[in-house]
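Side chains are part of it too, since the values below use all heavy atoms of this structure and drop only hydrogens, waters and symmetry mates. For clarity, every value in this text was computed on a predicted model and none was experimentally measured.
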Amino acid sequence: MKKVYQDIHSSLMKEKKIQVYNERFFTGLDNVELQWELIVDGKKAQSGLISHLNVLPQQSGVLFIPYQTDARGEKFLNLTYRLKKAEPLLPMGHIIATEQLSLGGVFQPKTTIVAQGKIKTERKDGNLIISAKQLQMEFDLKSGWLTRYHYKGRDLMDEHALFKTNYWRAPNDNDFGANTPEKLKPWKQVTDSIELLEIRSELIDSLVYVYAAYKMPQVYGQLAMKYCINQRGEMRISQSFTADTTKKVAVLPRFGMQWIMPAGFEAINYYGRGPQENYIDRNFASHVGIYKQTVDQQYFPYVMPQETGNKTDVRWMEIRNKQGEGLFFTADSTFSMSALHYFDKDLDDGPKRQQRHAADLVKRKQTQVNIDLRQMGVGGINSWGAWPLHEYTLPYKDYSFSFVIKPVE
């Protein structure tokens with residue numbers, strides 16, 4: 001709300017200049033200073049301070065920002081406007097406006113899986129077992145999903161969990177107002193009961209490839225999964241959904257996958273929008289940057305338990321324990337992620353409100369990680385029937401998403 005209401009607006013011009021518009025009707029910017037930062041691939045490269053902003057009410061001014069940069073990396077110009085002296089109700093240094101301007105460039109994720117040594121596969125006790133010197137992974141041959149990920153003496157996946165596809169989210173207040181828990185119910189059903197058609201594997205040039213095919217009768221679709229795995233446990237996952245567009249099916253709540261980590265993984269470091277939770281229709285005030293947080297900080301205690309903690313436009317995210325061990329996630333394109341000490345079922349009231357409250361929830365030791373191509377917007381036009389705007393929904397159609405998971409030490 002503060003971002004929407006701010007009355008200093010900045011736009012990019014040529015030759016390292018910005019235009020500053022003062023929307024105020026009676027007050028100039030004499031008591032305002034501008035702190036600028038050049039951000040490259042999420043890290044501060046340069047900074048400076050402009051102390052004199054002589055912009056009259058309802059007028060625009062032009063400022064020269066003396067940053068120096070080359071052509072490498074993704075670049076942003078972060079602008080922060082602060083009070084030089086205290087004003088009634090506002091202390092000196094109070095931030096009154098911010099802006100993030102893109103200077104171009106592209107972040108280059110590392111998503112190629114390279115062979116790192118010997119690796120083998122075998123079928124035993126109903127599992128497809130992939131093993132290397134310090135790695136053991138297991139796929140359940142009945143469900144097709146990964147059930148174990150053990151690397152260098154540590155389990156990085158909860159022993160009771162499946163690394164599986166996910167299309168559902170815990171309904172929020174606006175969802176209940178629009179009755180989406182009932183209208184989108186097939187996507188919850190198919191998340192819990194997707195049917196395996198086949199699973200097979202092959203070893204090519206010291207890389208293991210696992211293929212799984214599923215049918216999704218509740219939504220008239222098919223899903224193809226492909227995993228590429230090396231000896232270090234680095235894994236590229238490709239998820240492709242094919243829709244039968246001759247059928248009428250509701251929009252998807254989300255398109256992605258879910259991984260549950262065991263207890264002890266509390267530290268989060270990510271490059272994306274933040275620091276607060278944000279969604280595709282609620283990220284206007286969330287600047288792109290590198291943020292260090294905890295899993296506990298991802299959860300917001302809404303009065304009624306509901307979807308929370310999402311981050312959009314993520315380039316990479318890592319989750320570690322106190323020893324610095326954990327998992328690193330990245331993708332070919334920007335994506336969404338969340339990490340919570342609550343499972344979706346903990347936050348989900350079902351088709352109707354149960355009148356629970358945040359204090360009724362019991363925090364889990366595990367961390368539920370959602371890796372999504374996209375999640376539909378949270379809405380908010382009103383809370384008694386309106387859906388998110390169309391551009392913030394996921395229409396029923398074909399989708400594909402590829403991302404990489406790597407162990408970190």
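Taken to the nearest 0.5 Å, the CG atom of L347 stands 7.5 Å off from the CZ atom of R356. If you take OG on S338 and CG on D344, they are separated by 7.5 Å, rounding to the nearest 0.5 Å. Between the CG atom in D346 and the CG atom in L361 there is a gap of 6.5 Å [rounded to 0.5 Å]. One distance of note links CZ of R374 with CZ of F335; it measures 15.5 Å at 0.5 Å rounding. Separation of atoms CG (L101) and CG (L79) is listed at 5.0 Å; rounding is to 0.5 Å. Within the model, atoms CG of D192 and CH2 of W168 stand 10.0 Å from one another, a figure rounded to the nearest 0.5 Å.
Here the side chains of Q100 and L77 are not in contact, with every heavy-atom distance at 4.5 Å or above. At a threshold of 4.5 Å between non-hydrogen side-chain atoms, the residues L389 and D281 do not count as touching. At a threshold of 4.5 Å between non-hydrogen side-chain atoms, the residues F176 and P351 do not count as touching. Residues L196 and S143 form no side-chain contact, since every pair of their non-hydrogen atoms from C-beta on lies 4.5 Å or further apart. Using a 4.5 Å cut-off on side-chain heavy atoms (C-beta onward), L90 and M92 make no contact. Between I96 and V32 there is a side-chain heavy-atom pair separated by less than 4.5 Å. Under the 4.5 Å side-chain criterion, counting only non-hydrogen atoms from C-beta, T191 is in contact with K164. Looking only at side-chain heavy atoms (C-beta outward), L340 and R364 stay at 4.5 Å or farther from each other.
The aromatic rings of Y149 and W259 sit perpendicular to each other, their planes meeting at more than 60°, with 30° as the lower class boundary. Between W187 and Y396, the two ring planes are tilted [angle within 30° to 60°]. In this structure, F139 and Y227 have perpendicular ring planes: the angle between them is above 60°, well past the 30° mark.
Applying the salt bridge (Lys or Arg N to Asp or Glu O under 4.0 Å) test to every pair with at least one member in residues 213-241, sequence neighbours left out, gives these pairs: E195-K215, R232-E234, R232-E409, R236-D332.
A donor-acceptor contact under 3.5 angstrom links the side chains of Q293 and Q298, judged on distance only. Remark: the T242 side chain and the D398 side chain contain no N/O donor-acceptor pair separated by less than 3.5 Å. Looking at E266 and H341, their side chains do bring a donor and an acceptor atom within 3.5 Å of each other. A donor-acceptor contact closer than 3.5 angstrom links the side chains of Q136 and E138. Donor-acceptor pairing under 3.5 Å is recorded for the side chains of Y211 and E202. N172 and E307 share no side-chain donor-acceptor pair at under 3.5 Å. Defined by atom type and a distance below 3.5 Å, a donor-acceptor pair is present between the side-chain atoms of Q218 and S193. Between the side chains of S402 and Q239, no donor-acceptor pair of N or O atoms lies under 3.5 Å. Between the side chains of T308 and E277, at least one donor N or O lies within less than 3.5 Å of an accepting N or O. With hydrogens and angles left out, the side-chain atoms of H9 and E23 include a donor and acceptor closer than 3.5 Å. Between the side chains of S286 and Q276, a donor-acceptor pair is found at a separation under 3.5 Å.
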Exercise. Give the intermediate values and the outcome of side-chain contact (heavy atoms from CB on, under 4.5 Å) for residues M261 and L327.
Key: CA-CA 9 Å; M261 302 183 73; L327 292 173; 3.9 Å; yes
Quiz prompt | Working for salt bridge (Lys or Arg N to Asp or Glu O under 4.0 Å), residues R154 and E325 | solution = CA-CA 9 Å; R154 184 176 295 279; E325 304 162 328; 2.4 Å; yes
Practice problem: Apply the test side-chain contact (heavy atoms from CB on, under 4.5 Å) to residues L53 and Y81: give CA-CA distance (whole Å), side-chain angles for both, the deciding distance (0.1 Å), then the verdict. | Solution: CA-CA 10 Å; L53 306 181; Y81 296 89; 3.8 Å; yes
Exercise. Applying side-chain contact (heavy atoms from CB on, under 4.5 Å), run through F241 and Q222 and close with a yes or a no.
Key: CA-CA 6 Å; F241 171 73; Q222 293 185 332; over 6 Å; no
Quiz item: Going through the distances and angles, do Q258 and N370 end up as a side chain to side chain donor-acceptor pair (under 3.5 Å)?
Solution: CA-CA 5 Å; Q258 189 176 91; N370 284 317; 3.0 Å; yes
Quiz prompt | Candidate pair D244 and T246, rule side chain to side chain donor-acceptor pair (under 3.5 Å), full reasoning | solution = CA-CA 5 Å; D244 182 352; T246 65; 2.5 Å; yes
Quiz item: Should L12 and L103 be marked as a side-chain contact (heavy atoms from CB on, under 4.5 Å) after you check the CA-CA gap, both sets of side-chain angles, and the distance that decides it?
Solution: CA-CA 9 Å; L12 197 62; L103 298 177; 3.7 Å; yes
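Shortest non-hydrogen contact noted between D372 and M257 is OD1-N, 4.0 Å. Closest non-hydrogen pair, Q375 versus Y279, comes out as OE1-CE2, 3.6 Å. Of all heavy-atom pairs between A45 and V40, the closest is CB-CG2, 3.9 Å. Heavy-atom minimum distance, R169 versus P253: N-CB, 4.2 Å. The heavy-atom pair separating L207 from N230 by the smallest distance is CD2-CB, 3.5 Å. Looking at every heavy atom in both residues, R273 comes nearest to Y291 through C-CE1, 4.0 Å.
Side-chain N or O atoms of D41 include one that pairs as donor or acceptor with a backbone N or O of E74 at under 3.5 Å. Between the side chain of T111 and the main chain of F403, no donor-acceptor pair closer than 3.5 Å is present. Judged by distance alone, the side chain of T294 and the main-chain N or O of Q297 form a donor-acceptor pair under 3.5 Å. Remark: side-chain polar atoms of N278 are not paired, donor with acceptor, to backbone N or O of R282 under 3.5 angstrom. With hydrogens and angles ignored, the 3.5 Å screen pairs a side-chain donor or acceptor of Y271 with a backbone N or O of G42. For the pair T367 (side chain) and F265 (backbone), a donor-acceptor distance under 3.5 Å is present. Side-chain atoms of T334 never come within 3.5 Å of backbone atoms of D313 as a donor-acceptor pair (strictly under, hydrogens ignored). K84 places a side-chain N or O within 3.5 Å of a backbone atom of S51 that can act as its donor or acceptor partner. Between the side chain of K365 and the backbone N or O of P262 there is no donor-acceptor pair closer than 3.5 Å. Put simply, the side chain of K406 never gets that close to the backbone of V404: no donor and acceptor are under 3.5 Å apart.
Note on E99 versus K3: salt bridge recorded, some NZ/NE/NH1/NH2 to OD/OE distance being below 4.0 Å. Look at E87 and K85 and you find no salt bridge, because none of the NZ, NE, NH1 or NH2 atoms lies under 4.0 Å from a carboxylate O. A salt bridge links R72 with D70: at least one charged nitrogen is closer than 4.0 Å to a carboxylate oxygen.
Remark: aromatic rings of Y399 and F255 are close, center separation under 6.0 Å.
Judged by a 6.0 Å distance limit and a 45° cone about the ring axis, K247 is positioned over the six-membered ring of Y220.
Listed by chain and number, the residues in a side chain to side chain donor-acceptor pair (under 3.5 Å) with Q6 amount to none (sequence neighbours excluded).
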